[in-house]
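Throughout, a chain's letter reflects where its sequence line sits, starting with A, and its residues are numbered from 1.
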There are 4 protein chains.
Amino acid sequence: METLNLHLTGDMHAVTAAHNMLAAMIDNHLYQGNTLGIDQHNITWRRVLDVNDRALRNIVIGLGGREDGVPRQTGFDITAASEVMATLALTSSLADLRARLGRIVIGYTRDKTPVTAEQLLVAGSMAVILRDAIKPNLLQTLENTPVLVHAGPFGNIATGNSSVIADLIGIHGGDFLVTEAGFGADMGAERFFNIKCRTSGLRPDAAVVVATVRALKAHSGKYKIVAGRPLPEDLLRENPDDVAAGAANLRKQIENIRLHGVSPVVAINSFPTDHPSEHQVIRDIAAEMGARAAVCTHFADGGRGAVELAEAVSEAAEEPSDFHFLYPDTASLRDKIAAVATRVYGADGVSYSSQAAAQLDTYERAGFGHLPVCIAKTHLSISSDPALKGAPTGWTLPVREVRASVGAGFVYPICGDVRTMPGLSANPAAARIDIDEDGVVVGLS
Amino acid sequence: METLNLHLTGDMHAVTAAHNMLAAMIDNHLYQGNTLGIDQHNITWRRVLDVNDRALRNIVIGLGGREDGVPRQTGFDITAASEVMATLALTSSLADLRARLGRIVIGYTRDKTPVTAEQLLVAGSMAVILRDAIKPNLLQTLENTPVLVHAGPFGNIATGNSSVIADLIGIHGGDFLVTEAGFGADMGAERFFNIKCRTSGLRPDAAVVVATVRALKAHSGKYKIVAGRPLPEDLLRENPDDVAAGAANLRKQIENIRLHGVSPVVAINSFPTDHPSEHQVIRDIAAEMGARAAVCTHFADGGRGAVELAEAVSEAAEEPSDFHFLYPDTASLRDKIAAVATRVYGADGVSYSSQAAAQLDTYERAGFGHLPVCIAKTHLSISSDPALKGAPTGWTLPVREVRASVGAGFVYPICGDVRTMPGLSANPAAARIDIDEDGVVVGLS
Amino acid sequence: METLNLHLTGDMHAVTAAHNMLAAMIDNHLYQGNTLGIDQHNITWRRVLDVNDRALRNIVIGLGGREDGVPRQTGFDITAASEVMATLALTSSLADLRARLGRIVIGYTRDKTPVTAEQLLVAGSMAVILRDAIKPNLLQTLENTPVLVHAGPFGNIATGNSSVIADLIGIHGGDFLVTEAGFGADMGAERFFNIKCRTSGLRPDAAVVVATVRALKAHSGKYKIVAGRPLPEDLLRENPDDVAAGAANLRKQIENIRLHGVSPVVAINSFPTDHPSEHQVIRDIAAEMGARAAVCTHFADGGRGAVELAEAVSEAAEEPSDFHFLYPDTASLRDKIAAVATRVYGADGVSYSSQAAAQLDTYERAGFGHLPVCIAKTHLSISSDPALKGAPTGWTLPVREVRASVGAGFVYPICGDVRTMPGLSANPAAARIDIDEDGVVVGLS
Amino acid sequence: METLNLHLTGDMHAVTAAHNMLAAMIDNHLYQGNTLGIDQHNITWRRVLDVNDRALRNIVIGLGGREDGVPRQTGFDITAASEVMATLALTSSLADLRARLGRIVIGYTRDKTPVTAEQLLVAGSMAVILRDAIKPNLLQTLENTPVLVHAGPFGNIATGNSSVIADLIGIHGGDFLVTEAGFGADMGAERFFNIKCRTSGLRPDAAVVVATVRALKAHSGKYKIVAGRPLPEDLLRENPDDVAAGAANLRKQIENIRLHGVSPVVAINSFPTDHPSEHQVIRDIAAEMGARAAVCTHFADGGRGAVELAEAVSEAAEEPSDFHFLYPDTASLRDKIAAVATRVYGADGVSYSSQAAAQLDTYERAGFGHLPVCIAKTHLSISSDPALKGAPTGWTLPVREVRASVGAGFVYPICGDVRTMPGLSANPAAARIDIDEDGVVVGLS
């Protein structure tokens, strides 16, 4: 039996350490006299921990006596939300990582000039701390297929894709490199194409859109689904009409793949409660859109259950690809946001709060305008409103705030509430996990 | 060339993670309704990070809205100061670690009843997080001697000794197991004997007291030595009389070893600026006290430079040992403190602040009275006053506060200021470390 | 020579004391065990001071040890913004004041039940503290006309009108009672009619709308006027066309008076830089609207300069009045807000944030639905957007938040940013005021 | 019936306003760029409110955004503890008040240079705010004797005497001016002689030491008396021996009066539970010390009950007085403290914490060495230890901290815990006070 070290090779810890080293250097800079003139009310770099700790979201630090630093408000995020993690996921070499870390913007002077990790002389140390974390971790599946596990940038505010460096290595390891992109195709695939491929220089030959019977039923808008509650019983009854009623969502996701010139394959992820008539509806939708489709049973049957899918992907990959980005580097940030909002999400347009507008101006002026955009929105709808199902139109994307991950290499507009530090529940998993008398871990499932 | 992973095998990170998981569970418990009735003004468990970050010493957490926890004052310590680290250093097996973690006291109810990690249901998870960290790390010296590197409890407030488990393994690895105890023999050796040996059940066959010419000169009281400044030039001139003038300190340290029934060997750690006449003074002191002595030049000459010492230790270890503890488990905490203070430190007695007295009462009542004591005092003097040199008498040990590391297994009286989170300097090392264009780390020395 | 005691008869101080007594009782209630179950994250009662102190806007209190209270976030407002001040302005007797103080809502339990000052047993003490402050202060003008000066509720969030009790007394003191309402007729008059008259039972016989040449020019939208900067020179040149271009604003304000069935009189407040042709434009607007008008020079000429106005008001007051409220008590809060927004401000409708909608629901459920509404919006436009001049249409009133002054007796929707604690400037008046060697105050002007 | 306005003439409010105006100017100075270089960790000026509000003792201000000031730790004291109150009590004219306000030290620069209210340009405004408060308030007793009520400096940290200006006026109003000094003669009289008389230039003709049977019994050390609990029943039984056993305290207080060259009169404040035999013991003690004595029953009998005392005082005042200060202005602060400690309190000497020693050095260097000292110690013993009864000897006065009220004109060493902001109890008076249906205040007694 193989066991997995919970800490893996410690990448998460290295990211935490590098991130917090920068934070300590910032506060030490304030304490030592602030020769860079950092505006203490405009420090955007927080601290991170790899634990769900809501009490650290909003804190006041630097209390005590003079030796205890300069008081100010700040907080902790979860390590996955660290820009260092996003940077690790998008870098291509140690030298590139070093350069990206130096470009990280930690805040601004009072005249809105960005202050970087390079100016704080800490990017070198951060790179040293990450020197081993940059190496992807080679694991294997239960069927002994090699898997590179590397980096975990938060899908809520970052790319939600695994690392560029793992792809650059993995591409040499077999006939196909398969990589996953978190959330729906409107988010995961769009970010994969426009941010990750732009950075890696790799071109996708095909894209798999995963569909489930229950998801399409949910997109029919006929069911009330509450996170953390069991699914409604109705949803599990044979009902091909309701699957068809949610088709607009799948159609739009297929279109979104095509929009980037890539060949789509629909993977119908099968559940024991599905019915063949329902699978057929999804096949029909795919066919109608000219896309390949395959029913997959890998959860139950292992690799054997994905053979049909593999063959479909293989065929799709043989087709000539016309991959291209949705927008050029040279477009303005506002044009980039508008391109994603209107063409991928189906919005009529974009509205900006006065804060967001001022931030975009600051970023363009600071030379960050060439960066791609990573839109932070709900994953529960193609739109920014979790209540809208299917492929909604007639709505406007409201940008409340815009942040810049200059080291990672993207600007992220925020549309709605984004939580970057989770909390523990009333009955946390940590309370169930233990070691039994034989030293075996129990309570993980 | 071999390089050392900065994170080693991640023990420091695992300790950080386990420690902060407990902290998050505490604040979550308050947030979820505090069914244990924890007194939020008497929570002794803080958080830790492995970075020098003075701005985190005193913080207010739980600000923001209702979803963001319960506001309270707390702070971060350096990871080395974590009771989890002290526990890791004193545990003997995974099952023992699990039990010790459960005994950790995180605070008290309003009627002063201790609240433990076990009650918060988190000790199991902590043990799982530490499952790999409990294994000592096998490294080698430049001469390929195997070395077990494991655990780093803060000498300021904990044992400052490496792990029991590494000793239990290492003892089977050769003719001799050599282990180091931080700070002078009054602190390092006393804690090794009375805390670590009590826990491990191992009995020392001999003890090396390291002496230097410059340390004895400093103990003459004739020189003004300031931390961070170069040594006074005078100190480096040939002056056997000043070495003799500091002899009282060495005599007391030799006595302190004898006090525990162990055979002492004086290792004269040689510096290029030493003079033979000065070494001779130290040899004479040792001889006068009936202890073996050897001049060592291992820093310059490697293992060869310590052959004389090795032979002296080997001889000393052959002598019949009469090892015994300074006090029995059953003595009261006050008697244990008094035993160390008067017999090892040479104090006339001990005085307690009203806070310290109340805490000792609480601990005796809570059943912690059987624990050994780990006295937190300055390492710059055998006394608690850094200004007193030699082997001072006629003074009283002032105990300001007493804390309990119940999981690690000791109570620690605090005599003077103890800092558990360092700060960065005006010119921190982190600003000099970098990766050069070949990916090589520079600036470490 | 008469001098005015800066503290007058101390009403401001009494309001401050009563307000802060309630605050101290709230935090003492939390400290003593919180038997009422107040949700510490939903305490709406802050503290007040009669000083411009921006550093007190957002604070954390209750730090220190257990004897020092329960930590939580709160802040200070300026005394004028106290609900106690608004209550003093709307009360009609000591018994009524006592009852209103008891109804003050200081926060909510976790199930959103309001908690009142009565429940905290402090309304009686507050009434005792205000026992003398309830008496209006009789002063006189430079021409010895008696003036009742009483209460100063903040126009930004409260009525901005002087006290009901002063009106009830003053109405018996001569042929006419003249009272002022702060800000433009869209705010001051609307609140006077719908809140103050509703409370006092008094019916206005006429209403004076003050107009100036420069204000109408400003409403033409042709000038850029910045607070704190001198007026543009252009604005002061003879230009009756620009006065006419701003006429829409005056017309709407005259309509707003008529809307309540009251006879309007336009007072043209004359400045030395005005030109007769410009005054004539205003007279023409008034005439066109069927309203009386009079040019006033009282600032330069004293009472004599307002004789024409006085005669016009006297005539207007003789006309039969048809005074009525804009909405009945029984209308829902949303209907009341909509009535003011669409009929007085000229909005197309009202939009509510999700927070505002939830608060309105809470208030209706708590039985506060019968209260009138006091809309907090900019005074720089009839609309809620300070940039819109004249009498704008085609806009929606955005309600961000809704608060309830249940003791004072109104609910106030907040549309835009509202600051309830001013700050000092870089060159504060306090730095210029002094006492000279003869004990005379200098620097007040 | 006459009623007393709770706010009197508003002096307390004026002191609060002046004090907090200075505080707002300090934080505004930090916010506007801190051109004076105030060390934000060494600002000694806090804020005040006239309410018992423990949650304001330790707070963090300046949170929020950049417009909301600079974050720092501070707190509120009760208004009586304001240095402005102490200044009002010691000033002799408006011009003198203006000058004293300018001398108030609000904190220090990083090189320990004091920063004054004058430098912040706010002393003039403060004087204007206090222009009316400087006038004593003329009230009358139930027997129509005129009484000047003016200023209430906190006895815990300030003089605890009423104002100099009231004495300077009152001295012209009759044959005798009687003024009270708070706490025992070791504190009240010592401060009256050495601080207040030094400031006013007035010389006392006689001094009344108030003694009670129960106080002398308490000083016997035979009874356990707990604040807030009923007196032990034993204490009230006839027991002249116990009165005699507490005599040392009264003897020392009589001596302390004589020490300043003033004629002492012992007022035996009679209680219904006293016995003649007990009064006789006190008369005997006084006689033995050569002091006049009189039994007083004014609490029961009004002015008539104090005739014997009045006659004794009148006689004592006729005796030639040799009033002199305990120490000259020119003595060092340490010598002044030692003089009070050893000669008035009966201590063997004084010990200083390192903080206190550093502060005394700062004050001497800053030119505050000429000021008298106002020692903050317990009022429950002549010593600094509340447990020591009678006239204890063989102890050392421990000075923990020294503060400077430079505007008021004294330096105050702190010996023990001093609380400057009280808290409300579990059953506060404010919860019992109310207005009844006739508008009459109830619940005051």
With chain A, the option among B:Pro71, B:Gly65, B:Gly124 that has the most non-hydrogen atom pairs under 4.5 Å is B:Gly124
Hey, does A:Ile61 have a side-chain heavy atom less than 4.5 Å from the side chain of B:Arg57?
no
One should read off an interatomic distance between A:Asn427 CG and B:Asn28 CG, to the nearest 0.5 angstrom, of 10.0 Å
Counting heavy-atom pairs under 4.5 angstrom with chain B, the leader among A:Ile59, A:Leu120, A:Asn20 is A:Ile59
Side chain, backbone, both or neither: which part of B:Asp68 has an atom under 4.5 Å from a heavy atom of chain A?
both
Test B:Leu63 against A:Val60 for side-chain contact (heavy atoms from CB on, under 4.5 Å), laying out the working first.
CA-CA 8 Å; B:Leu63 302 177; A:Val60 176; 3.4 Å; yes
Pick one of side chain, backbone, both or neither for B:Asp436, based on which atoms fall under 4.5 Å of a heavy atom in chain A.
neither
Looking at B:Asp438, I'd like to know if its CG atom is crowded, meaning that more than 12 non-hydrogen atoms belonging to other residues, nucleotides or ligands lie closer than 6.0 Å.
yes
Heaviest contributor of heavy-atom pairs below 4.5 Å to chain B, chosen from A:Ser425, A:Gly443, A:Gly439, is A:Ser425
Engaged part of B:Ile435 at the chain A interface, taking heavy atoms whose separation is under 4.5 Å:
both
B:Ser125 to A:Ala430 - nearest heavy-atom pair and separation
OG-O, 2.6 Å
Among A:Gly10, A:Gly69, A:Ala426, residue most engaged with chain B (heavy-atom pairs, under 4.5 Å):
A:Ala426
Non-hydrogen atoms of A:Ala17 and B:His13 that approach each other most closely:
CB-CE1, 4.2 Å
Check each atom of B:Leu424 against the heavy atoms of chain A and say whether the ones under 4.5 Å are side chain, backbone, both or neither.
both
Output yes when a side-chain donor or acceptor of A:Arg54 lies under 3.5 Å from a complementary backbone atom of B:Glu67, and no otherwise.
yes
Assert top hit (heavy-atom pairs under 4.5 Å, partner chain A, pool B:Ala24, B:Ala23, B:Ala95, B:Ser93) equals B:Ala24
For chain B, which candidate among A:Gly33, A:Gly75, A:Gly64 shows the most heavy-atom pairs at distances under 4.5 Å?
A:Gly64
Side chain, backbone, both or neither: which part of B:Thr74 has a heavy atom under 4.5 Å from chain A?
neither
Listed by residue number, which members of residues 81-89 of chain A have a heavy atom under 4.5 Å from any heavy atom of chain B?
none
In terms of heavy-atom proximity below 4.5 Å to chain A, should B:Arg47 be classed as side chain, backbone, both, or neither?
side chain
Which portion of A:Ala14 sits near chain B, non-hydrogen atoms under 4.5 angstrom:
both
Residue from A:Asp27, A:Leu56, A:Val122 scoring the most non-hydrogen pairs under 4.5 Å with chain B is A:Leu56
Hey, which of B:Ala429, B:Ala55, B:Ala133 has the most heavy atom pairs under 4.5 Å with chain A?
B:Ala55
Contact class of A:Leu49 relative to chain B, heavy atoms under 4.5 angstrom
side chain
